[in-house]
Amino acid sequence: MIRENVQKLLAELPPGVLLVAAAKGRSPQEILEAIEAGVQIIGENYVQEAERAFAVIGRRAQWHMVGHLQKNKAKKAVAIFDMIETLDSVHLAHELEKHCARMNKVMPVLIEINSGREPQKSGVFPEDAEALIRTVAPLPHLKVVGLMTMGPRFGNPEEARPYFRETKSLFDYLRTLNIPNVEMQYLSMGMSNTYKIALEEGANIVRIGTKIFGERPEE
Ligand SMILES: *Cc1c(COP(=O)(O)O)cnc(C)c1O
């Protein structure tokens with residue numbers, strides 16, 4: 001099933017849109033099946049789980065951190081990930097900068113936007129994104145390349161649209177600023193039930209789990 005699901009998605013996504021296979025709770029074997037079907041980017045929510053999958057899969061795919069990253073995991077994260085999609089604080093930025101400098105690596109990062117302004121969720125509020133980006137921009141081993149948002153979860157995916165739309169307009173505004181060392185290239189929005197709406201609203205990275213791997217057992 002994984003193979004068919006991936007092939008169907010890849011055929012459906014417009015050119016230039018990146019598919020991230022959201023792999024939380026999946027075995028390395030399931031992830032490998034997705035890679036063999038054409039997935040090129042794996043999204044992980046937890047560093048420890050990523051390490052286990054990475055030990056088996058290595059650089060046969062790219063690795064994106066899509067979950068909240070704790071500062072004490074920054075060192076391990078820098079060793080594995082090709083992109084951190086969830087940068088949301090100055091503290092985390094400095095921690096990542098330190099470890100990237102030691103490893104002589106420039107890390108592409110997306111700023112996570114809490115577009116629903118939900119207090120329990122990670123990400124910065126839209127109005128705080130510019131200040132964070134201006135602080136991160138001068139760090140030589142981090143490169144801001146866009147924005148990511150989850151948005152609130154609704155039964156009806158259409159209700160996610162205003163949050164995607166607001167994040168896209170923030171993305172466009174930030175691009176007009178032409179901040180040195182910042183390249184507003186990627187907009188990561190949309191999951192299994194919302195990616196079509198996210199694409200209509202301008203996403204060029206979609207993060208899809210269930211529609212590739214099936215329902216998660218714990219849900
Ligand atoms: C789980 C997850 C996804 C994918 O969710 P599905 O509904 O399974 O497609 C996307 N992004 C993040 C950050 C996730 O944690």
Side-chain angles (χ1 to χ4, degrees), residues 1-10 12-13 17-28 30-31 33-35 37-53 61-70 73 77 80-89 92 108-116 118 120-124 145-161 163-164 167-168 171 186-219:
M1 252 346 250
I2 291 175
R3 164 171 294 274
E4 288 82 348
N5 292 343
V6 168
Q7 288 173 344
K8 202 159 157 261
L9 269 167
L10 287 175
E12 183 188 321
L13 293 178
V17 172
L18 302 182
L19 172 63
V20 172
K24 59 177 172 280
R26 314 298 179 172
S27 69
E30 290 174 289
I31 299 172
E33 211 177 315
I35 292 168
V39 161
Q40 296 182 328
I41 308 171
I42 306 302
E44 291 283 357
N45 289 68
Y46 307 100
V47 171
Q48 213 172 13
E49 212 177 304
E51 280 185 311
R52 280 199 296 271
Q62 291 192 26
W63 299 84
H64 283 202
M65 181 57 175
V66 300
H68 180 66
L69 180 56
Q70 290 169 321
K73 299 282 168 59
I80 294 176
F81 290 109
D82 300 288
M83 186 185 287
I84 308 286
E85 294 202 15
T86 50
L87 181 59
D88 67 352
S89 80
L92 177 60
V109 298
L110 305 182
I111 304 300
E112 182 177 3
I113 307 299
N114 183 349
S115 55
E118 296 167 280
Q120 76 282 14
K121 288 235 179 118
S122 47
V124 294
V145 292
L147 305 181
M148 177 274 212
T149 197
M150 295 274 289
R153 264 193 186 268
F154 297 106
N156 176 6
E158 189 59 42
E159 291 180 54
R161 190 185 294 278
Y163 302 92
F164 293 156
T167 307
K168 171 63 158 70
F171 177 84
Y186 296 113
L187 183 55
S188 175
M189 320 191 284
M191 315 197 295
S192 291
N193 61 343
T194 54
Y195 73 96
K196 289 180 185 164
I197 288 159
L199 288 172
E200 287 168 8
E201 298 301 331
N204 57 15
I205 298 181
V206 291
R207 309 176 311 271
I208 297 184
T210 312
K211 217 172 147 67
I212 291 176
F213 298 106
E215 292 296 331
R216 278 182 291 277
E218 70 272 24
E219 282 186 347

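All residue numbers in this chain count up from 1 along the given sequence. Atoms considered below: every heavy atom in the structure, side chains included; atoms not considered: hydrogens, waters and symmetry mates. Whatever order the structure lists them in is the order used to number ligands and atoms, beginning at 1.
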S.K.: Relative to the heavy atoms of Ile208, which atoms of ligand 1 are at a distance of less than 4.0 Å?
M.R.: 9 (O)
S.K.: So if I count the atoms of ligand 1 from 1 in the order they appear, which ones are less than 4.0 Å from some heavy atom of Arg207?
M.R.: 4 (C), 10 (C), 11 (N), 12 (C), 13 (C)
S.K.: Check step by step if side-chain contact (heavy atoms from CB on, under 4.5 Å) holds for Leu18 and Gln62.
M.R.: CA-CA 11 Å; Leu18 302 182; Gln62 291 192 26; over 6 Å; no
S.K.: Do any N/O atoms on Lys211 end up under 3.5 angstrom from N/O atoms on ligand 1?
M.R.: no
S.K.: Any atoms of ligand 1 less than 4.0 Å from a non-hydrogen atom of Asn45? List them with their elements.
M.R.: 14 (C), 15 (O)
S.K.: Is it the side chain (CB and beyond), the backbone, both or neither of Ala22 that lies under 4.0 Å from ligand 1, heavy atoms counted?
M.R.: side chain
S.K.: Could you grab the distance from atom CE of Met148 to atom CZ of Arg207, nearest 0.5 Å is fine?
M.R.: 4.0 Å
S.K.: My understanding is that only residues two or more places apart in sequence, or in another chain, count here; which of them pass side-chain hydrogen bond (donor to acceptor under 3.5 Å, both in side chains) with Gln120?
M.R.: none
S.K.: Which ligand 1 atoms, with their elements, are less than 4.0 angstrom from a heavy-atom of Arg216?
M.R.: 1 (C), 8 (O)
S.K.: Report yes if the side chains of Ile205 and Glu85 come closer than 4.5 Å at any heavy-atom pair, otherwise no.
M.R.: yes
S.K.: Looking at Thr86 and Glu112, would you say the former's side chain and the latter's main chain have a donor-acceptor pair under 3.5 Å?
M.R.: no
S.K.: Starting from atom 8 (O) of ligand 1, locate the nearest protein heavy atom and write down its residue, its atom name and how far away it is, to 0.1 Å.
M.R.: Thr210 OG1, 2.6 Å
S.K.: Pairs of nitrogen or oxygen atoms closer than 3.5 Å, one from Met148 and one from ligand 1: do any exist?
M.R.: no
S.K.: Would you mind writing out the side-chain donor-acceptor pairs for residues 2-9 within the sub-3.5 Å range, not counting sequence neighbours?
M.R.:
unit_1: Glu4; atom_1: OE1; unit_2: Met1; atom_2: N; d: 3.4
unit_1: Asn5; atom_1: ND2; unit_2: Met1; atom_2: O; d: 3.3
unit_1: Asn5; atom_1: ND2; unit_2: Lys211; atom_2: O; d: 3.4
unit_1: Asn5; atom_1: ND2; unit_2: Ile212; atom_2: O; d: 2.9

S.K.: Can any side-chain N or O of Thr194 pair as donor or acceptor with the backbone N or O of Ile197 at less than 3.5 Å?
M.R.: no
S.K.: Specify the protein heavy atom at minimum distance from atom 3 (C) of ligand 1: its residue, its atom name, and the distance to 0.1 Å.
M.R.: Met191 SD, 3.5 Å
S.K.: Among all protein non-hydrogen atoms, which one is nearest to atom 9 (O) of ligand 1, and what is the separation to 0.1 Å?
M.R.: Ser192 OG, 2.5 Å
S.K.: Nearest protein heavy-atom contact for atom 1 (C) of ligand 1: which residue, which atom, what distance?
M.R.: Lys24 NZ, 1.3 Å
S.K.: Is any side-chain heavy atom of Tyr163 closer than 4.5 Å to one of Thr149?
M.R.: no
